[in-house]
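Here is the structure we will look at.
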Amino acid sequence: MSNIALKGDVIQNLGEYLPNPYIESIEVEESSSSSINVNIFYSFIFLINDEYNAEDISKNLQDINIMFAFARSESPLKKQEIVNAIVDAPDGQGGTLREALAFFIDDVNFESIFDKLSDGDYIDDLYDEEGRRIFKITSQHSRTLPTASFANDNFYCYGFSSTQTLANLEANPKNIIYLNTGNIAYEKLFSPGLNILREEEVIYVGSQGEKYGQVPILGLNRNFYKTENVTREDIISKVNALVKRFEGRTIGPLSDSVNSIKTVLSKEADTENLLVQLDKVRRSFPNKTNNNRVGNLYAAFAVLLRNINSAFRPVDIVKKEKYLTGKVLDLRENPVAAYEAPTQFSLDQYIPEGMFFLHRERLSEDETSDLAINRGMFFIRYEEMLKRESDIGQLIDIDKFYETVTGLELETLKRILFSYFRPSYIKVQKSDPNEETLGGFMYSITQQSIASRRDSRETSYIYSNRNPQSQAASIDQSSEFYSERFREYNFGFDNPSERMLCYSFVDADSFSAVYETNQENFGMIFDYKIDVSIRDDTNEFVTYLVEKFFEVDTLLQDYKDLANEICSYNNIDNKFNDFFVKSIRDRYTDGVYPWEVAPSIYSVMVYILTEQFPNFEDVIRYSKNVSATINPENGNLDSLTNFANAMTSLKQNQIAILAFGSAGRYRGTTREYQLEKTFNVLSFNYSDIVGEAAAEFESLFRNKMNYYFGADIRVDGFREPRRTDTNDTVSSQEKTKAQFMVLLLEAIEIAVLQIGFLYAGGNIRLDSGQERSLGILIQSYINNLQIFFRDLRNDTLKTKGFVMFEFGKLSEKTIEQETIHGLSVDFFLDLINLYEEATPGGEAPNYSDVSDLLNEIANLIYNYYNSPIIPRFDGKPNLQYDITVADFITIPVQNDIRDMIVLNLDPELPVPFDSYTGPDITEIAGYEDISF
Amino acid sequence: MADILIGIQSGSGDPIFSENLSARETQSRVDAFSLLAPEVLLPTNLSGSATLKFSTDIMITKQLGDAFSTYYTYYQNVDNSTIESMLKHNYNMTTASVHAEFSNILNNITQELTPPKSSRAFEYDFKFSQNQNPSINTGSARPVRTRTARSSGGGGY
């Protein structure tokens, strides 16, 4: 340490008339559960000359008494308040003030000082900054104090000297006491909760770095000045002298200005703002023209302030700074509270049912198609899940952990935790309660991620699965909804702050509008099931935290070992030597100093693992205090050793429990959650569905075709169909699709039975397998005819529009067409083979004997697809629905042939059941001319 | 007119929608939300976490459709690729990044929990109770503001 120890106003600091005791340090130790021991190390410091005599100092000290007092108060007591408490002795004036202040006072026996003086146990080689020699002698005073009386208050220690003994002081008038005591040095012992803290305070510092203990004056140039060349008394006196010349003469603006000046003199006399406030009054003068009394005062006042301000010397400038104060060393053994695992309750729903939103939109507009989509949005209370269910949430209070950081750091901390707690699988499954017999779900959309890799979270790895037996509709890549099938968003609420996972999805279905508008419950009912799987690696981060603590602890223990070396510290006050202070900083080139990082991680870990600190403000205070008492510049070895022991204790207890808890858990635990919710949902564009349903109804039950019965007609281009024999136009009957299917079934039945009759006189006996074969045979024949005529219809629509297509005579010639002929012959031969298998020995008829019967079947289908357009009820063109063998299911006729077809129905139909599969309306030739 | 999803009941998980908003107010909130977009994130910023915000990129509204059916819709304030980028930023992190980021956090905690390096400390710290004689004032001037209000500290007269 430098020998130049004292700076500033040394005479005032050491005591101008009576020596001031200087409190070097105070050690606090535990005495009992209800009391503490306070050891005050204090000094007397004197300015001496080179020929000084220690005996002279001893004689001076023999004439004074030293006292130490203790009291609780919000801020340090003023000297007068301490005097008031002294005379308030219990045996004197009642003691109520002493009781209120928890006031204790001791008359100190300082015989040991005289022993030290005679033994030469003092220092006399110190100097102040002016080169004056300084003599210093140190002693100690101990006191046991009951903690209950000040446990929740600020508690201060005061030391002073007096010409009187304590007994005399207590018996004397206050003014006598005041004049017979020196300046009262103080030190804060405790903050509320018996906390011992180093604290920051504001001071004014002179150009030589010395502490300026008085209140400076703020000049008009915004500099602070010592009140040495220009004193407060000077300013007040000169301003008063000026004001006197103008006061008492008039009432009005002049007296207002005078009063304003006097008010400032009264209120700001002791503050740093005295001059600035006076200048404010000057600027607010109502009249600044020098031709009246107010203006005269303004002019004189302005000159005076300017003169005062110009009298400040640059050498007197002081600067406002913060400094760290506190000389109390906490030597109490203060075991940290035990580890407490956070008490967490699971939420009933992490996928809140109330926050699963669904709406339905009908996309199809007419009877030619059925398509609707459901848009869903659901949320996962991800952050709550992390706090309550994760491995780390079971070991550490996450909310407390959050409190340790603010702003962007908090977001980063969350990002870190989130990266260890990742959705690995999210599945949305939709089903229609009426379709359970067809296999359960209609649609499922799944998102999966590679959760084991925390740096690669594929949010776009989505696949959907559709049950083809259901009314689920596909959303293929050409659809505008393809990219919306499953989406994830960044979502969170601010108040309360809660990060959630938010997902939207779109699925499609193809229920008919008639079905949708005829639901018993008004809306469509869907069951949704959400499965969420979260991969929990948070245990890995707990391990990282533990290792981080170990790392910092090693750093601190290393620092302690270096500090503990004999040459590192002064063995009188245990403070660190200058060379240690300098060299130890150089050792930590990365700027991570153990005396900073260790108290931080220690107090943070204590905060999140125990109930030791009620709030984070206390953590900050505690950590700052520890750091201040163990750092090389201001700390000492005792405090460092104490704190190093506390780190070891935390490591061996609370951190060990954390490490053990972490070791008992596995990385990559999967946590699964589900939500099932039934929706009764109505399309938001419901009015559109009503129109679509009407069109469907028309199409399904009143959709007509023109049936040209019993006539051999010719179709020539765009002309009306005419009879081939008379060339007359022919009339037709309107048939619904259902009625047509009845006619077709009759024709099939007649043909099949007649061929059987011709083969074996009607004695055909089919077993169940052969009946199934017959059903399949008929389906194949009808399917092939349908495919042929449907293609013909589609080609005509595309090339010619809504006209009958040319194709010979209806009743006779159709069978002559090569393809139809081939199909009919094949059917005939297959049928004969089946009959021979069922009833061997029959006589197969010639194909020509039955060709008319088969021709009737082909002609019916030809007629169906060749039926000219019939306007729909609403005037729109009626696009002819395709027919399939599945239509036999809906007809109101039952016979053996129908059953053979229906019971053995091949689901792989050439076209979907009850649909229009022709060209889109925009592809039909001349569609622009059709009025919609 | 639409209600805006503004919160969640922390216990039950039920949604909280804004109520009694005029159509104009609703629109203005939706517009305001859209205007947040530039503040959220630019993909080019992804490498520098200091500029990132942990923002919400979707706003959800509820309104009535035909026949009293409920219709939910949402507004995005950034495009899909930005959402993806943000999701990766918010939920993905390599172990090495965790170590780097947490060291940063620990450094900042340490800064907050350590006395300011700018603070002076005096080898001899004289502090005296306020005295009637202003010429012998010593001690500090006034307490420093900290997170919690307190009035300890300085000596003075």
Side-chain angles (χ1 to χ4, degrees), chain A residues 5-6 12-13 74-79 154 183-186 200-203 211 213-214 321-325 349 352 354-355 357 359 404-405 409 411-413 415-416 418-419 454-455 457 459 488-493 496 502 596-597 600 617 620 623-624 627-628 634 682 684-687, chain B residues 7-8 10 13-15 49 54-58 60 65-67 69-72 83-84 86-88 90-94 98 101-102 105 108-110 112-115 119-131 136-144 147-148 151-155:
Chain A
L6 296 182
Q12 292 299 340
N13 285 336
E74 190 62 27
S75 56
L77 294 175
K78 296 175 183 175
K79 182 177 178 182
N154 291 317
N183 290 331
I184 298 179
Y186 75 87
E200 271 191 304
E201 293 183 358
V202 169
I203 51 159
K211 183 173 162 188
Q214 301 178 39
E321 289 189 13
K322 291 177 182 175
Y323 93 117
L324 197 63
T325 182
Q349 291 183 327
M355 289 194 63
F357 308 126
H359 84 264
T404 62
V405 290
E409 299 293 325
E411 292 185 358
T412 306
L413 179 60
R415 285 177 50 221
I416 289 173
F418 292 171
S419 76
R454 300 200 346 271
D455 60 337
R457 184 164 181 265
T459 55
E488 186 176 21
Y489 299 91
N490 295 278
F491 188 85
F493 290 116
C502 172
E596 293 179 348
V597 69
S600 298
E617 300 298 332
I620 294 172
S623 176
K624 281 187 173 182
S627 180
N634 305 310
L682 201 64
F684 87 101
N685 52 348
Y686 189 78
S687 58
Chain B
I8 182 173
S10 54
D14 288 337
S49 61
F54 206 171
S55 297
T56 291
D57 47 37
I58 181 171
I60 293 155
D66 294 344
S69 62
T70 306
Y71 174 48
Y72 296 95
I83 291 175
E84 290 264 331
M86 283 185 65
L87 286 167
K88 283 178 182 166
N90 289 335
Y91 298 104
N92 295 353
M93 200 181 284
T94 61
V98 167
E101 295 280 10
F102 190 73
I105 289 175
N108 289 330
I109 292 175
T110 300
E112 189 183 8
L113 270 58
T114 303
S119 277
R120 281 178 173 274
F122 292 94
E123 195 170 334
Y124 283 85
D125 182 14
F126 292 94
K127 288 184 287 187
F128 297 104
S129 292
Q130 186 176 326
N131 195 305
I136 54 169
N137 291 347
T138 52
S140 57
R142 64 181 57 175
V144 181
R147 275 191 178 184
T148 49
S151 55
S152 63

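Worth knowing before you read on, the calculation uses all heavy atoms, side chains too, and leaves out hydrogens, waters and symmetry mates. In what follows, chains are A, B, ... by sequence order, proteins preceding strands, each numbered from 1.
Heavy-atom minimum distance, A:Thr404 versus B:Ile109: O-CG1, 3.5 Å. Residues A:Ser600 and B:Thr110 share a closest heavy-atom pair of OG-CA, 3.2 Å. Closest non-hydrogen pair, A:Ser419 versus B:Asn92, comes out as CB-C, 4.2 Å. The minimum heavy-atom distance between A:Pro352 and B:Gly13, with the atom names listed, is CB-O, 3.3 Å.
Distance CD1/B:Ile83 to OH/A:Tyr489: 5.5 Å, rounded to 0.5 Å. We find the NZ-OG1 distance between B:Lys127 and A:Thr325 to be 2.5 Å, quoted to the nearest 0.5 Å. Interatomic distance, CZ of B:Phe128 versus CG of A:Asn183, reported as 5.5 Å (0.5 Å rounding). Taking CD1 from B:Ile58 and SG from A:Cys502, the interatomic distance works out to 4.0 Å, rounded to the nearest 0.5 Å. In this structure, A:Asn13 CG and B:Tyr124 OH are separated by 12.0 Å, a value rounded to the nearest 0.5 Å.
Only the side chain of A:Val405 comes within less than 4.5 Å of a heavy atom of chain B; its backbone N, CA, C and O stay farther away. Both the backbone and the side chain of A:Ile184 come within contact range of chain B, with heavy atoms under 4.5 Å apart.
Side chains of B:Met93 and A:Ile416 form a contact here, defined as non-hydrogen atoms less than 4.5 Å apart. A 4.5 Å side-chain heavy-atom check between B:Asp14 and A:Met355 finds every atom pair outside the cut-off.
With hydrogens and angles ignored, the 3.5 Å screen pairs a side-chain donor or acceptor of B:Asp57 with a backbone N or O of A:Asn490.
Every residue two or more places apart in sequence or in another chain that forms a ring-ring contact (aromatic ring centres under 6.0 Å, His included) with B:Tyr72 is listed here: A:Phe357. In this structure, the side-chain hydrogen bond (donor to acceptor under 3.5 Å, both in side chains) partners of B:Asn108, at least two apart in sequence or on a different chain, are A:Glu409.
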